[in-house]
Amino acid sequence: MFSYYLDLALRSLRRNRALTALMVLAIALGIGASMTTLTVLHVLSGDPMPGSSGTLFYPQLDPRDMDSYQEGKEPPRQVTWIDGMNLLHAKRGDRQALMTGGAVPVQPAQSSLDPFYSDARYTSSDFFAMFQTPFKYGRGWSEADDDARARVVVISRTLNDKLFGGKDSTGQTLRMKDTPFRVIGVLDSWRPSPHFYDLNMDDYANTEEVFVPLTTSRDLRFDHNGSTDCWGTGGGDEEHAETQPCVWLQFWVQLGDAGKVAAYKEYLTHYSQEQKQLGRFLRPVNVRLPGLMEWLDINKVVPGDVRLQTWLAFGFLLVCLVNTVGLMLAKFLRRAGELGVRRALGASKREVFAQLLVESGVIGLAGGIGGLLLAMIGLWLVRREPSEYAALAHLDVSMLLTTFLLAIGSTLLAGLLPAWRACQITPALQLKSQ
Amino acid sequence: MDILPILSTLRRHKITAFLVIIEIALTCAIVCNAVFIISQRLDRMNMPSGVDEHRLLDIQLADIGATSDQKSRTLTDLAALRQIPGVSQVASVRQVPFGNSSSNSGIKLDTTQKSETLSATLYSGENIVPTFGVQLIAGRDLLPDEYLDFDQVVRAAAAKDAKSMPHVVLITQKMAERLWPGQQALGKQFYISDYPLTVVGVVKELIRPSIWDESAKSYSMILPMRMAHGEYVIRTATPQDRDRVLAAALAKLKEINPHRVVLKKRTMDDVRHEFFQDDRAMAGLLVGVCLALLVVTALGIVGLGSFWVAQRRRQIGVRRALGATRRNILNYFQTENFLLATIGIAVGMVLAYGINLALMVHYELPRLPAIYFPVGALSLWVIGQLAVLGPAMRAAAVPPVVATRSV
């Protein structure tokens, strides 16, 4: 029966090409626009650490003085050197890392390459294990390297390609800021997006090219990039950043289960009380421990424009669907005579209804294919935009399926009313007027 | 034109008429808001900066190795840059308007105040006023003997040495109005932490490097601090000189010290272009969607119009046979479309207002100006009339003889 209906649908669609093209075009435009924006939204609000995001937490403390104190306000979004080091050395989590961003001058050994600045991450050793960074060659450094302020470096795959022609460069020397570093690891392609572990950069920034121990970076006074918030006597003096009343570091901790999370929160409270007794903290205890996804939410990582665009695209789809409902209604009612004959020959209302729905389904499928093409063009246009996140806009399998489900689903929905209306035709009346 | 027969016909085609109305209403609501957002973005992109943008260059350098005497090197660089033909002013600065990297500080009018009055950007660098081309509207520029070295100020702040902190400041007109509404700002004092600053001059406008809050976009102050961080702003004699001066400046700086990396080399126009790139992309996308929406709506009207005309062929033939002119038939369909469009527009206005309210809550957009309603209505009427013209002309062409045929 289905193949017969399909045949009927194709015949009917062929009979009135202009109207069919108009309907398919409207659906395709609507679907294309919604899928483009939905894909961008999907990519941007995705989980940067699938599988382990539930175990990653970002502790927040309030070490500021009483100036401008307001109860219930969010604590600073970064930590001071002293607190960061205390939490790091306390080792209360399964893994923990203290880090910040910066830029380092890289001096290639080959004379053909001019020195250049690379984005760098200064971090303690657990970073690699905690964030499950894939290694192409070698490995990360150890806690002993942190303590020894070792001149070791992990570089990205792109930097390795640029400097060492993609070969295993572990053991080689890399000069940065006139200091020789030993390459101990090369990361494979790794770009968690959003750039969750440090949202002071662009939210969808590329992964850094250079990773060195935090202690080493301070030893060599590597430049710090990102935000520094100070209070009291703090003036952002880079030379003495360790003792300044400023927050400029990110601290992440991995906690395996809910029990550990509760225990860690208690530990943070206890730590704050202790610091208050010591006179370092002045404000009432205010600790928070958001998880990774919650942290992205708090920071409003998904750009407002992208959400707005998605709403707009769905509004557009709605108009396209209303348009299709109207056109289908026109089309079906125009065939009242034909449908009347079918009804008179014994087809039930149900069968006529099914036949008409198959016809709308065909339009939906065609519109879906057109929409997919338009979405691909749309995403290509998005990728040409200058934003950092633009390059991420690619269609994945789940979005591909969504496109067709959305296209066929919405067209079937749009076909319901016209099909139902067409079924209401009284066969006798139609036959008489012929 | 008698509209009663039209209404009675429409009553027989409730669903189709309803769909046309809904489509026009949705289009009207979405397009009104989209055009409003576009105009907001365009306004934002044209935001005045207060500096002589077309004549400014921004260069930033960074050392490869450990830095030796930055202060004397900066003086050498500045002197060399001044020698380049076509250069009118040079300054070593900490940040530039629309540069995205900013240093901000909370301001208090009284040290006992519990929270800050406002937060403002701290511009610094010797010779910044003539170099940026900022317009001084009251008071005077900062004097050479008032300048302190930035590093010295940082050390003084750490040591709580109030004497070695800057004492005078220039502020923007907007900031002055916010701090002392309706009063003369010259000679007044405010505080950064506990350090008092006296306003000695007011500039017309100086936009901040990054803008989080549109209402605070002009809260900038200029402090007498000498910078030696390797960022230079050059003001050229004419806009045409920029490319040549930029190339010459880079060559000169490389010659002075090749052990440096150029981080930024751009014109102020580039800086503005980059700063507003997301707004530009958004405005472009909205324009595209609006056009697509209007086209889809127009095509929908054409499609339904054609259907109606085909359905009423006999009826039209009868009317023609009974003496209706072609013009009567044409007017009939035009009036019908006008009626539907009017109802659609009325519903659309209410919807537009509702969407605007939602946007005001979630996206901090201002209220939709009233002018959008008549303009939106007019454009939809025009589009509706244009779309229905084709089908209506086809209807008018139906010959009276159709009435006599049985099918």
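Convention: sequence-line order gives letters A, B, ...; per-chain numbering from 1.
Comparing T179(A), L312(A), L417(A) by heavy-atom pairs within less than 4.5 Å of chain B, the highest count is held by L312(A). Ranked by non-hydrogen atom pairs under 4.5 Å with chain B, the options A103(A), P115(A), A18(A) are led by P115(A). Among the candidates G378(A), A330(A), P105(A), the residue making the largest number of heavy-atom pairs closer than 4.5 Å to chain B is A330(A). Comparing I37(B), V302(B), V261(B), V262(B) by how many heavy-atom pairs each has under 4.5 Å with chain A, the most go to V261(B).
Around CZ of R421(A), the count of heavy atoms belonging to other residues, nucleotides or ligands within 6.0 Å does not exceed 12. For R384(A), the CZ atom counts as loosely surrounded, since its 6.0 Å shell holds 12 or fewer non-hydrogen atoms of other residues, nucleotides or ligands. Residue-environment remark: CD (Q424(A)) exceeds the threshold of 12 foreign heavy atoms within 6.0 Å. Counting non-hydrogen atoms of other residues, nucleotides and ligands closer than 6.0 Å to CZ of R313(B) gives a total of 12 or fewer. The local environment of NZ in K264(B) is crowded, with over 12 non-hydrogen atoms from other residues, nucleotides or ligands closer than 6.0 Å. Few gaps surround CG on N257(B); more than 12 heavy atoms of other groups in view lie less than 6.0 Å from it. Atom CZ of F18(B) is surrounded by 12 or fewer heavy atoms from other residues, nucleotides or ligands within 6.0 Å.
The shortest heavy-atom contact between G303(B) and L19(A) is CA-CD1, 4.5 Å.
Residue K177(A) holds its NZ atom at 8.0 Å from CG of D63(B), rounded to the nearest 0.5 Å. Distance CZ/R41(B) to CG/D305(A): 4.0 Å, rounded to 0.5 Å. A distance of 5.0 Å separates CG of L333(A) from CZ of F307(B), quoted to the nearest 0.5 Å. Rounded to the nearest 0.5 angstrom, F116(A) CZ and L263(B) CG are separated by 13.0 Å. Here CD1 of I30(B) is found 7.0 Å from CG of L318(A). Values are rounded to the nearest 0.5 Å. Of the inter-residue distances, the one linking F316(A) atom CZ with L26(B) atom CG reads 12.0 Å to the nearest 0.5 angstrom.
In this structure, the portion of T297(B) lying under 4.5 Å from any heavy atom of chain A is its side chain and not its backbone. Looking at L293(B), both its backbone and its side chain come within 4.5 Å of chain A, counting heavy atoms on both sides. Only the side chain of L359(B) comes within less than 4.5 Å of a heavy atom in chain A; its backbone stays farther off. Residue contact with chain B, scored on non-hydrogen atoms closer than 4.5 Å, involves the side chain of L29(A) exclusively. Using a 4.5 Å cut-off between heavy atoms, I355(B) makes no contact with chain A at all. Both the backbone and the side chain of R307(A) come within less than 4.5 Å of a heavy atom of chain B. Proximity to chain B involves both the backbone and the side chain of L308(A), based on heavy atoms less than 4.5 angstrom apart. Y117(A) touches chain B through backbone and side chain together, each having a heavy atom under 4.5 Å away. Residue contact with chain B, scored on non-hydrogen atoms closer than 4.5 Å, is absent for A33(A).
E385(A) has its side chain out of reach of R280(B): every pair of non-hydrogen atoms, C-beta onward, lies at least 4.5 Å apart. Using a 4.5 Å heavy-atom threshold, the side chains of H259(B) and D178(A) count as touching.
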